> 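One structure follows; several queries about it will come next.
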Amino acid sequence: MSDTKRVGKSFNDAKKVAIMIHGRGASAESIISLKDYLNLEDFVILAPQAPNNTWYPYSFMAPDQSNEPSLTQAIQIIDELVKEAKENGFASNQIYFIGFSQGACLSLEYAARNASNYGGVIAFTGGLIGEGLDTEKYSGKFLSTPIFIGSSHKDMHVPLTRIQDSAEVFELMGAATKTLIFQDTNHTIREEEIDWVNSNILKK
């Protein structure tokens, strides 16, 4: 099982839960550092640590079986944190997912497989996982959950076409989807993305 870093408010004092998912080669601490920029003051923050710093071994668009069993195990880790939040009295609409890169892909994939009226899904450079998009894997309705995907128009890891196709899937499942695509080629999180998310999803 993964180790999970827990910061911010306690379950008893928090109003919301943020599950923050780091990227390939990174750490729980690295994604937690985003809390200095995002409006997470009222949140309990749960940041799982991937085994060997990687959620799954190959590209998120590699043939599906090549990323198993790691991908299934990663989905289970996220699911256990969602269950923990619910056991502590939080409803789906008080649970938020925030991920970067590989963690953004995992956030989107978990949400699509377990759609509900979440507080929000915030994906800094990510798309749904798989060699192709198999919508039979996805179930539930988002009931206007806000879903954000921000990225470069030419990211080195995440093709724009996959972002667009993913956004379309989320729209069809009832999400309020927003994509912000930037004309640089940087694999990063931009100030404009932070500002949009704070103003529209993590409103104080």
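Nothing here was measured: the structure is a model prediction, and the numbers come from that model.
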> Which pair of non-hydrogen atoms, one from Phe11 and one from Ala85, has the smallest distance, and what is that distance?
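For Phe11 versus Ala85, the nearest heavy atoms are CE2-CA, 4.1 Å.
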> Applying the side chain to side chain contact (heavy atoms under 4.5 Å, CB included) criterion to Tyr110, which one of Ile19, Ile21, Val82 satisfies it?
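When side chain to side chain contact (heavy atoms under 4.5 Å, CB included) is applied between Tyr110 and each of Ile19, Ile21, Val82, only Val82 qualifies.
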> Which atoms form the tightest heavy-atom contact between Cys105 and Gly126, and what is the distance?
SG-CA, 3.8 Å
> For the backbone of Gln49 and the side chain of Asp3, can you confirm whether one donor and one acceptor N or O come within less than 3.5 Å of each other?
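Pair absent, no side-chain N/O of Asp3 close to backbone of Gln49.
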> Tell me if the NZ atom of Lys154 is crowded by more than 12 foreign heavy atoms within 6.0 Å.
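Incorrect, the count does not exceed 12.
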> Go through Ser10 and Val44 one step at a time and tell me if the side-chain contact (heavy atoms from CB on, under 4.5 Å) criterion holds.
CA-CA 6 Å; Ser10 68; Val44 54; over 6 Å; no
> Give the C-alpha distance, both sets of side-chain angles, the deciding distance and a yes or no for side-chain contact (heavy atoms from CB on, under 4.5 Å) between Asn200 and Lys178.
CA-CA 10 Å; Asn200 294 278; Lys178 172 69 174 181; over 6 Å; no
> Show the nearest heavy-atom pair for residues Pro48 and Ile77, with the distance to one decimal.
CB-CG2, 3.8 Å
> Please say yes or no: joined through hydrophobic side-chain contacts below 4.5 Å, possibly via intermediate residues, are Ile98 and Leu106 part of one cluster?
no
> Is there a path of hydrophobic side-chain contacts, each under 4.5 Å between heavy atoms of I, L, V, M, F, W or Y residues, that connects Phe142 with Ile163?
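In one cluster with Phe142: Ile163, yes.
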> Quick check for you: to the nearest 0.5 Å, what is the distance between Ser151 atom OG and Arg190 atom CZ?
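Rounded to the nearest 0.5 Å, the OG-CZ separation comes out at 6.0 Å.
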> For the CG atom of Asn88 and the CG atom of Asn12, what is their distance to the nearest 0.5 Å?
7.5 Å
> Strictly distance-based, threshold 3.5 Å: is any side-chain N or O of Gln94 a donor or acceptor partner for the main-chain N or O of Lys15?
yes
> So, taking the atom named CD1 in Ile129 and the one named CZ in Arg162, what distance separates them when rounded to the nearest 0.5 Å?
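Result: 9.5 Å between the selected atoms.
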> Measure from the side-chain N and O atoms of Glu68 to the backbone N and O of Thr72, and report whether any donor-acceptor pair falls under 3.5 Å.
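Between the backbone of Thr72 and the side chain of Glu68 there is a qualifying donor-acceptor contact (under 3.5 Å).
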> Decide yes or no for His22 and Trp55: does some side-chain heavy atom of the first lie under 4.5 Å from some side-chain heavy atom of the second?
yes
> Can you tell me if Ser101 and His187 form a side-chain donor-acceptor pair at under 3.5 Å?
yes
> Are Tyr96 and Phe100 connected in the hydrophobic side-chain network, where two residues link if heavy atoms are under 4.5 Å apart?
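As far as the 4.5 Å side-chain criterion goes, Phe100 and Tyr96 are connected within one cluster.
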> What heavy-atom pair brings Asp165 and Leu133 nearest, and what distance separates the two atoms?
CB-CD1, 3.8 Å
> Show the numbers, then the answer: is there a side-chain contact (heavy atoms from CB on, under 4.5 Å) between Leu202 and Lys16?
CA-CA 10 Å; Leu202 301 176; Lys16 301 169 185 174; over 6 Å; no
> Is there a path from Ile78 to Leu108 through hydrophobic residues (I, L, V, M, F, W, Y) whose side chains come within less than 4.5 Å of each other?
yes
> Does the side-chain contact (heavy atoms from CB on, under 4.5 Å) test come out yes or no for Val197 and Phe124, once each step is laid out?
CA-CA 10 Å; Val197 166; Phe124 296 114; 4.3 Å; yes
> Could you grab the distance from atom CD1 of Ile75 to atom OH of Tyr56, nearest 0.5 Å is fine?
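Taking CD1 in Ile75 and OH in Tyr56, the distance rounds to 9.0 Å.
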> Do the side chains of Ser152 and Asn186 get nearer than 4.5 Å, heavy atoms only?
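No, every pair of side-chain atoms sits at 4.5 Å or beyond.
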> State, yes or no, whether a side-chain contact exists between Trp196 and Ile201 at a heavy-atom distance under 4.5 Å.
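Yes, side chains in contact.
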> Do any N or O atoms from the side chain of Asp64 and from the backbone of Gly130 form a donor-acceptor pair under 3.5 angstrom?
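Answer holds: no.
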> Got Thr145 and Met173 here, is their nearest side-chain heavy-atom distance under 4.5 Å?
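The answer is no, as the side chains (C-beta and beyond) never meet within the 4.5 Å cut-off.
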> Hey, does the side chain of Asn198 reach the backbone of Tyr37 with a donor-acceptor pair shorter than 3.5 angstrom?
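A pair under 3.5 Å: yes.
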> Do you reckon Leu180 sits in the same ILVMFWY cluster as Ile122, going by side-chain contacts under 4.5 Å, direct or chained?
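Yes.
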> Can you tell whether the side chains of Glu109 and Arg113 come within less than 4.0 Å, N to carboxylate O?
yes
> Got Leu128 and Lys137 here, is their nearest side-chain heavy-atom distance under 4.5 Å?
no
> For Glu171 and Ala176, which heavy atoms make the closest approach, and how far apart are they?
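Distance-wise, the nearest heavy atoms are OE2-C, 4.4 Å.
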> Distance check, rounded to the nearest 0.5 Å: Thr179 atom OG1 versus Phe148 atom CZ?
8.5 Å
> Counting C-beta onward and ignoring hydrogens, is there a side-chain heavy-atom pair between Asn67 and Pro57 closer than 4.5 Å?
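They are in side-chain contact.
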> Less than 4.5 Å apart, side chain to side chain, heavy atoms only: is that true for Gln102 and Thr54?
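Yes, close enough: below the 4.5 Å cut-off.
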> For Met20 versus Ile31, what's the shortest heavy-atom pair and its separation?
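Shortest heavy-atom separation between Met20 and Ile31 comes out as CE-O, 3.1 Å.
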> Do Ile189 and Ile194 come close enough that some side-chain heavy atom pair is under 4.5 Å?
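Ile189 vs Ile194: side chains touch.
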> To the nearest 0.5 Å, tell me how far Phe60 CZ sits from His157 NE2.
10.5 Å
> Determine whether a donor-acceptor pair (N or O, by modelled atom type, separation under 3.5 Å) exists between the side chain of Asn93 and the backbone of Tyr118.
no
> Is it true that, when you exclude Asp36 itself, more than 12 heavy atoms of the residues, nucleotides or ligands shown sit nearer than 6.0 Å to its CG?
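Counting neighbours around CG of Asp36, more than 12 heavy atoms of other residues, nucleotides or ligands fall under 6.0 Å, so yes.
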> Considering residues, nucleotides and ligands other than Gln65, do more than 12 of their heavy atoms fall under 6.0 Å from its CD?
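For Gln65, atom CD is not crowded (no more than 12 foreign heavy atoms under 6.0 Å).
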